[in-house]
Amino acid sequence: MAPVEYLFAHRRYCLPFRSPVRTAHGLWTEREGILLRMTAGNGTVRFGEVSPIPWFGTETVDEAEKVCRALGEKVNDARLQAVPENLGCLRGALAAARLNLDPPTNPAPRQIAALLPAGKAALELIETRVDAGFRIFKWKVGVADTAMELGLLDDVCSRLPDGAKLRLDANGKWDRRTAERWLERCAERPVEFVEQPCFAEAAQGTVQQRKVEDLLMGLTEDYPTPLALDESLVGQGDVARWINAGWPGFYVVKTALLADPTTALAALEKAKAKVVFSSALETAIGARAALRLAFAWSGEPHALGFGVWPLFDLPGVNGPATAPFVRWEDVQRIEEATTWNACN
Ligand code: MG
């Protein structure tokens with residue numbers, strides 16, 4: 001059989017965020033990425049999106065673009081397989097564009113977590129979000145003074161309706177002592193999990209990274225509130241490594257950052273892992289790929305971290321508008337060609 005050939009096109013984009021995103025590395029003001037279009041011999045057109053987050057340890061957009069250019073206008077599976085392993089986002093986008101997924105066996109709407117801003121600003125927003133029907137809330141912490149944030153925790157919790165749950169995301173900013181103070185405080189409160197309390201970047205060296213991983217493991221044993229890994233799951237290898245280590249907490253999975261999400265998710269499913277699907281702040285093309293995987297997940301459902309759109313002012317490039325639930329119809333309605341054309 002002749003190898004499957006595709007006409008390949010890529011398009012780099014740079015879209016300013018409607019509001020800048022606060023990260024551990026300062027303000028993130030625009031989303032850069034690459035859209036891919038693959039046309040099969042029978043005329044079928046499929047899309048993919050490379051949306052790296054370099055400070056998570058992924059490739060950069062420049063690195064991915066260089067390889068896209070080298071691929072040229074005609075590609076086949078063998079050439080795509082040869083894309084280097086360290087370009088996980090590009091490999092993942094190429095896989096997404098070729099992935100045939102059956103419609104979900106369970107197309108029931110999936111719950112979405114409402115994002116709350118850091119600090120006091122969260123208090124003003126909770127009521128609106130509760131009235132809109134949200135029941136899972138995510139609050140960024142580790143941004144301001146610890147004592148101040150700890151003081152706000154009860155105010156935030158007191159505004160939650162019965163049965164609602166709060167996720168705290170520290171983005172790896174705490175040291176051991178701060179993490180312990182928070183986890184002591186969270187014990188009796190409706191906290192679903194604490195996301196990435198501590199983290200060591202690759203630049204800090206493997207010794208420090210292993211030390212922090214041991215610390216995370218120790219914290220899950222010492223405190224009742226579950227922990228979640230996010231920054232720790234840079235790529236494919238990390239997911240497998242934490243499964244092997246028997247991580248008992250949640251996995252926040254940004255499928256856009258994985259070279260082979262299907263394999264990683266199968267391993268997580270087999271391990272009966274608690275998975276929270278999460279956005280990498282991508283356009284509608286990446287949103288469609290990620291949400292399709294979230295709907296295909298047959299493990300226990302947890303509210304999705306996709307309450308991010310509209311992220312951009314440009315019409316036609318946003319994923320499904322944030323609501324307490326996302327429906328399968330919302331995913332099907334995404335028109336990838338519209339996004340592709342808008343990023344011209
Ligand atoms: Mg996070």
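Reckoned from all heavy atoms, side chains included, excluding hydrogens, waters and symmetry mates. In listed order, ligands and their atoms are each counted from 1.
The set of protein atoms (N, O or S) found at less than 2.8 Å from the Mg ion (ligand 1) reads Asp169 OD2, Glu195 OE2, Asp230 OD2, by chain and number.
Ring pair Trp297/Phe277 is perpendicular by interplanar angle, where above 60° counts as perpendicular and below 30° as parallel. Ring planes of Phe250 and Phe193: tilted class, angle from 30 to 60°.
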Side-chain atoms of residues 87-112: list all donor-acceptor pairs with protein atoms under 3.5 Å, sequence neighbours left out, distances to 0.1 Å.
{"unit_1": "Arg91", "atom_1": "NH1", "unit_2": "Gln81", "atom_2": "O", "d": "3.0"}
{"unit_1": "Arg91", "atom_1": "NH1", "unit_2": "Val83", "atom_2": "O", "d": "2.4"}
{"unit_1": "Arg98", "atom_1": "NE", "unit_2": "Leu94", "atom_2": "O", "d": "3.1"}
{"unit_1": "Arg98", "atom_1": "NH1", "unit_2": "Asp77", "atom_2": "OD1", "d": "2.8"}
{"unit_1": "Asn100", "atom_1": "OD1", "unit_2": "Arg46", "atom_2": "NH1", "d": "3.3"}
{"unit_1": "Asn106", "atom_1": "OD1", "unit_2": "Ala108", "atom_2": "N", "d": "3.0"}
{"unit_1": "Arg110", "atom_1": "NH1", "unit_2": "Asn106", "atom_2": "O", "d": "2.8"}
{"unit_1": "Arg110", "atom_1": "NH1", "unit_2": "Ala108", "atom_2": "O", "d": "2.6"}
{"unit_1": "Arg110", "atom_1": "NH2", "unit_2": "Asn106", "atom_2": "O", "d": "3.0"}
{"unit_1": "Arg110", "atom_1": "NH2", "unit_2": "Phe295", "atom_2": "O", "d": "3.0"}

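Both Leu229 and Leu257 are part of a single hydrophobic cluster, where members link through side-chain heavy atoms under 4.5 Å apart.
Remark: the Thr178 side chain and the Asp175 side chain contain an N/O donor-acceptor pair separated by less than 3.5 Å.
Glu149 approaches Val143 most closely through the heavy-atom pair OE2-N, 3.0 Å.
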